[in-house]
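Following: one structure in structure tokens, then a few remarks.
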Amino acid sequence: MTSRQLIQPLAKDHGSPARAVAVSSAFGTFGELLQGALPDDGPDFLVTLPIARWATATFEYDSAHDSVEVFPATKTKARRVAEAVLARHSGGGGSLRLSGSLPEGKGLASSSADLVATARAVASAVGVDLPPQGIENLLRQIEPTDGVMYPGVVAFEHRNVALLARCGVLPPMTIVGIDEGGTVDTVAFNRIPKNFTAAERDEYARLLDEVQRAVRAGDAAAIGRVATRSAHLNQRLCRKRTLNAMTALSAEIGGVGVVTAHSGSTIGLLLPHDVPGFRSRLAEAINRCGQLVHRERVLCYQTLGFERTGIGTSNDLQ
């Protein structure tokens, strides 16, 4: 689901317009394992938590057209990405259709996934290889972006739209969470000065080092500790009213901690699949979360697995 798929190749015979159809997808994230800023006025950054939910883009390319039509029409940023790819590589236009299972405004990287899927689909339709760095260059002109163009867990400068480090892959976990309601405009949130203190920046640097080591080792408990600390540090920026209750619930049912959408409305607990009595613990977590909010706001997501081969595990900050 993370790779682009060409459905119909380009057709240029006898001077006819070139046409093609391509479909691509990009995964979302459940908030972030960690989000903060580095010392000495270093960049803001986040660490992704990939989940098995996707945005899908279908692009019908036609070289005879000079514009892009997008459905739903509200996806104007995706249209801008499509137009940028075409302007750089082929010209022409076409029809872009977006769909998926990521709710908007909840902190699950729905906008980032839309834009990455769009870039991949349009590039595939016109026969262009567009690596993650190329997608970064496109999206940097549009909005702050999560690092969902890279497989696995990455540390990412979301304001600068640049890779900071590849971390590895997560052990299998289920995220049992809740939506506290409302939506958050991520672009507007990122404009707000965070005013991190020097001590906070130092702590975020330590937490980044810890989570990189934990992901490389597949240490779910250590991953959970970092995510929990980051969630509590973020309270002054985007408060979650159920944070204390969710932190306690995680400890009670054998979870490894909580994870939050640092600029969204969702919060969840992390339950590793290898914990004894996993199914009964999962059922209890779902039931108890339903006591904190309306049951229709209880969420369950799976961490997204990737092949370990080919996923960078260097701790070098790039």
Here the gap from Glu157 atom CD to Thr145 atom OG1, rounded to the nearest 0.5 Å, amounts to 12.5 Å

Side chains of Gln302 and Pro172: does their closest heavy-atom pair fall under 4.5 Å?
no

Ala57 and Leu96 have their tightest heavy-atom pair at CB-CD1, 4.1 Å

So which atom in Thr242 and which in Glu180 form the shortest heavy-atom distance, rounded to 0.1 Å?
OG1-OE2, 2.5 Å

Heavy-atom side-chain contact between Glu83 and Val122 under 4.5 Å
no

Let me confirm one number: the OG-CG distance from Ser230 to Leu33, rounded to the nearest 0.5 Å.
8.5 Å

Any Leu86 side-chain heavy atom under 4.5 Å of Val68 side chain:
yes

Taking side chain as C-beta onward, heavy atoms only, is Glu32 less than 4.5 Å from Val47?
no

So Pro50 and Leu170, do their side chains get closer than 4.5 Å, heavy atoms only?
yes

Of all residues at least two apart in sequence or in a different chain, which pass the salt bridge (charged side-chain N to carboxylate O under 4.0 Å, His left out) check with Arg236?
Glu200

Listed partners of Arg80 passing side chain to side chain donor-acceptor pair (under 3.5 Å), at least two apart:
none

Might you point out which heavy atoms bring Ala155 and Cys167 nearest each other, and give the distance in Å?
N-SG, 3.8 Å

Only counting residues at least two apart or in another chain, list the ones meeting salt bridge (charged side-chain N to carboxylate O under 4.0 Å, His left out) with Lys106.
Asp179

If you take all heavy atoms of Arg159 and Pro144, which pair is closest and at what distance?
CA-CB, 4.4 Å

Would you check if there is a donor-acceptor pair between the side chains of His232 and Thr247 at a distance under 3.5 Å?
yes

Check the pair Ile178 / Thr266 against side-chain contact (heavy atoms from CB on, under 4.5 Å), numbers first and verdict last.
CA-CA 6 Å; Ile178 59 178; Thr266 52; over 6 Å; no

Between Ile51 and Val215, is there shared hydrophobic-cluster membership here, with clusters defined by ILVMFWY side-chain heavy atoms closer than 4.5 Å?
yes

Side-chain heavy-atom pair Arg53, Ser101 within 4.5 angstrom cut-off:
yes

Between atom CG of Leu49 and atom OG1 of Thr260, what is the distance when rounded to the nearest 0.5 Å?
11.5 Å

Worked check of side-chain contact (heavy atoms from CB on, under 4.5 Å) between Gln235 and Leu243
CA-CA 9 Å; Gln235 280 293 79; Leu243 176 59; 3.4 Å; yes

Output the distance between atom CG (Leu207) and atom CD (Gln212), rounded to the nearest 0.5 Å.
11.5 Å

Please give me the minimum heavy-atom distance between Gly42 and Ala37, naming the atom from each residue.
O-CB, 4.5 Å

Partner residues of His273 under the ring-ring contact (aromatic ring centres under 6.0 Å, His included) criterion, sequence neighbours left out:
Phe278

Residues Arg206 and Glu210 bridged, charged N to O under 4.0 Å
no

Partners of Ser250 by side chain to side chain donor-acceptor pair (under 3.5 Å), sequence neighbours excluded?
none

Working to the nearest 0.5 angstrom, can you tell me the gap between Leu34 CG and Thr228 OG1?
11.5 Å

Under the rule for ring-ring contact (aromatic ring centres under 6.0 Å, His included), what residues qualify as partners of Phe30, not counting sequence neighbours?
Tyr301

For Ser111, what residues pass the side chain to side chain donor-acceptor pair (under 3.5 Å) criterion, not counting sequence neighbours?
Glu143

Leu38 vs Arg201 side-chain heavy atoms within contact, under 4.5 Å:
no

Just list the side-chain donor-acceptor pairs under 3.5 Å for residues 283-291, sequence neighbours left out, or say none.
from: Glu284; atom 1: OE2; to: Arg288; atom 2: NH1; distance (Å): 3.4
from: Asn287; atom 1: OD1; to: Arg295; atom 2: NH2; distance (Å): 2.8
from: Arg288; atom 1: NH1; to: Glu252; atom 2: OE1; distance (Å): 3.2
from: Arg288; atom 1: NH2; to: Glu252; atom 2: OE1; distance (Å): 2.7

Which residues pass the ring-ring contact (aromatic ring centres under 6.0 Å, His included) test with Tyr150, not counting sequence neighbours?
none

Would you say Val256 and Leu282 are hydrophobically clustered, going by side-chain heavy atoms of ILVMFWY under 4.5 Å?
no

Report yes or no: do Val161 and Leu130 belong to one cluster of Ile/Leu/Val/Met/Phe/Trp/Tyr joined by side chain heavy-atom distances under 4.5 Å?
yes

Quick one: are the ring centres of Phe156 and Phe45 less than 6.0 Å apart?
no

Show your working on side-chain contact (heavy atoms from CB on, under 4.5 Å) between Leu139 and Val116 and close with a plain yes or no.
CA-CA 8 Å; Leu139 272 53; Val116 171; 4.0 Å; yes

Keeping the roles fixed (side chain from Asp62, backbone from Ala64), state whether a donor-acceptor pair exists under 3.5 Å.
yes

Please step through side-chain contact (heavy atoms from CB on, under 4.5 Å) for the pair Leu102 and Phe27, ending with a clear verdict.
CA-CA 9 Å; Leu102 293 165; Phe27 60 84; over 6 Å; no

Quick one: closest heavy-atom pair of Val153 and Thr48, and the distance?
CG1-O, 3.3 Å

Find out whether the Lys NZ or Arg CZ of Arg97 is both under 6.0 angstrom from the six-membered ring centre of Phe71 and within 45° of the ring's axis.
yes

Is there a path of hydrophobic side-chain contacts, each under 4.5 Å between heavy atoms of I, L, V, M, F, W or Y residues, that connects Leu163 with Ile142?
yes

Report the residues that fulfil side chain to side chain donor-acceptor pair (under 3.5 Å) with Arg241, sequence neighbours left out, ordered by chain and then residue number.
none

Spatial distance of atom OG1 (Thr118) from atom CD1 (Ile135) [nearest 0.5 Å]:
10.0 Å

The criterion is salt bridge (charged side-chain N to carboxylate O under 4.0 Å, His left out); which residues satisfy it with Glu203, sequence neighbours excluded?
Arg229

Any salt bridge linking Asp114 with Lys77? Criterion: basic side-chain nitrogen under 4.0 Å from a carboxylate oxygen.
no

Residue pairs passing the ring pair (Phe, Tyr, Trp, His ring centres under 6.0 Å) test where at least one lies in residues 102-125, sequence neighbours excluded:
none

Answer with yes or no whether the hydrophobic clustering places Met173 together with Leu108; edges join I, L, V, M, F, W, Y residues whose side-chain heavy atoms lie under 4.5 Å apart.
yes

